[in-house]
Amino acid sequence: MKRFIKLICAVLVVLTLCLGLCSCKEMDEIREKRAEWGDELMTVIRFDGKEYKLLSPCEDLVVDLENGNNYRYVTLEEVPLLLTDQFGSIIKISSDREMIVCGHWQNDYECNKVYARSDLYEELEEAIENYELGWLCYQNNYYDYETQEFVTERILMPEALNEIVNKASELEGMILDEDDLPYGSSDVTLYFCDKSMRFVRENKYIRFTKDNFGKWYMIYRRAKDMEWVGVEISQEDINVLLNAIPKDSM
Amino acid sequence: MVRKLLKHETLAFGRSMLPMWVILLGMSVFARIVQFFESDSTVYDIVRGSAFTVFGISVAVCLVMTVVVCIKRFYVNMFTGEGYLTMTLPVTAEQHIFSKLLISVAGFVASIIVVLVALCITSLGEVLVEVFKAIGYLFDKMYQQIGFHSVVFIIEFIIILLVLAAYQMLLFYGCISVGQLARKNRVLAAFGAYFALYVIEQILGTIMVIFVSLQMNWLTSLFEKLELYAIKHPYVVAHGGIWIGIGLYVVIGAVFFFVSRYIIKNRLNLE
């Protein structure tokens, strides 16, 4: 009996030691989400076998990012896996995996450092210098029950809406208190972007809001440090917007 | 004689705790083996969750049992029928209390070590390696920030743990000894003594707070001086504070020690 018990214990010990050689799912997941700085100046990121180089300094610019809560972390190589989120900076990957965005604080504003994949560096450098944010896009955020992740769908607004916005911006309008901006029974927010929607300026946006009497207003700010202005929009003009966005997204 | 006392105390403690430790290590092996079958299925999640819940409960039970066994050893050995035999030994009351205290603290440390070994078994493999890497990295960072003081803080932390363990045991010994002064329901009286001590502690704490708030003007200037000194010599203040705390617990523990000793020496009345 004693021999039998000793044999069982020996088998369990050997099995446990052998199991020590197996990998662990959680460790693999952390490894997948981890990127590493390629140099001490933090101008290069190594992720998924590719290198990404710093493209631009601080900009209040956001690229079209991957869907879902896909935060990743970039750390120095010496930082252990389990401390990745403690000693790392959060990064997000663009949906086409061409760019990485790393947020950091500068002068009390959160800015983005954009890193481009090294094989597309020159092309993206030119695109960032030459993009024009003359278009508007709508961000439809919803939860996809099939994939079980949050999805952001960007829809480019028609050119006719750009003209409506430009015309309304030239009107006098009411000055609004930034801390008490009105929110109506319906609200639609549009962001400035380039025509391909590759680059979106999330800090500059226009909001259309409907008050309790059914009137629509456009609320916007002409420049970063200027006041908020509210301008009434006609129903005919608003229909251009409402026809362009999904009906159940408001 | 004291060495023999310690030897028999250790054997008695081991007889009680060894099965618990074996069960705990067994649960850790089971939890590790379950992880071998890892998959995305719900069944695996349930089994794994259950294995870790059972392991967690085993850890808690092991630690609680350690304290219970230590208290029970003291009570049974000194104040029940066994006490007649114990008191015939050529050993003083201080030596009795001291040997039991030493084995209790050592037993608690042994239980902690077994729990840590069990945790290591549960995470054996890549996770364990990463845990040690993370601990080494954090210690390295701490050493870079505060230098040699990091080592001193760790040593002080270990000393605090040992002193607190000893203090807690002496508190229990003191309450059990005070409970023996009652004629009937001595165990209940021991609980009553513990509760009364807790109430007295709270009252004294409240009186201190009231005293401090009434003496605010005088104390404000003292605190300001202390603050300025702490800014210039932060580590002196930190280490000083820790050692004052240790000293306080040693003094209070010594009070309970002498209370237990007095009652065992002069007021023992075995049933």
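Letters A, B, ... mirror the listed sequences (proteins, then strands); counts begin at 1.
- Counting non-hydrogen atoms of neighbouring residues, nucleotides and ligands closer than 6.0 angstrom, the CD atom of Glu227(B) reaches no more than 12 such neighbours.
- Phe87(A) places a side-chain heavy atom less than 4.5 Å from the side chain of Leu138(B).
- In this structure, chain B has no heavy atom under 4.5 Å from any part of Gln86(A).
- Other residues, nucleotides and ligands contribute more than 12 heavy atoms inside 6.0 Å of the OH atom of Tyr137(B).
- Residue Tyr44(B) qualifies as enclosed at atom OH: its count of foreign heavy atoms under 6.0 Å is above 12.
- No part of Val129(B) comes within reach of chain A, as not one of its non-hydrogen atoms sits under 4.5 angstrom from that chain.
- Annotation for Phe74(B): atom CZ counts as buried by contact number, over 12 foreign heavy atoms lying within 6.0 Å.
- Nearest approach of Pro80(A) to Lys133(B), heavy atoms of both residues: CG-O, 3.6 Å.
- The candidate with the highest count of non-hydrogen atom pairs below 4.5 Å against chain A, out of Gly136(B), Ser123(B), Gly26(B), Ala134(B), is Ala134(B).
- Counting non-hydrogen atoms of other residues, nucleotides and ligands closer than 6.0 Å to OH of Tyr235(B) gives a total above 12.
- Counting heavy atoms of neighbouring residues, nucleotides and ligands inside a 6.0 Å radius, atom CG of Asp39(A) exceeds 12 of them.
- Both the backbone and the side chain of Leu81(A) come within less than 4.5 Å of a heavy atom in chain B.
- Contacts between Ser28(B) and chain A at a heavy-atom distance below 4.5 Å are absent for every atom of the residue.
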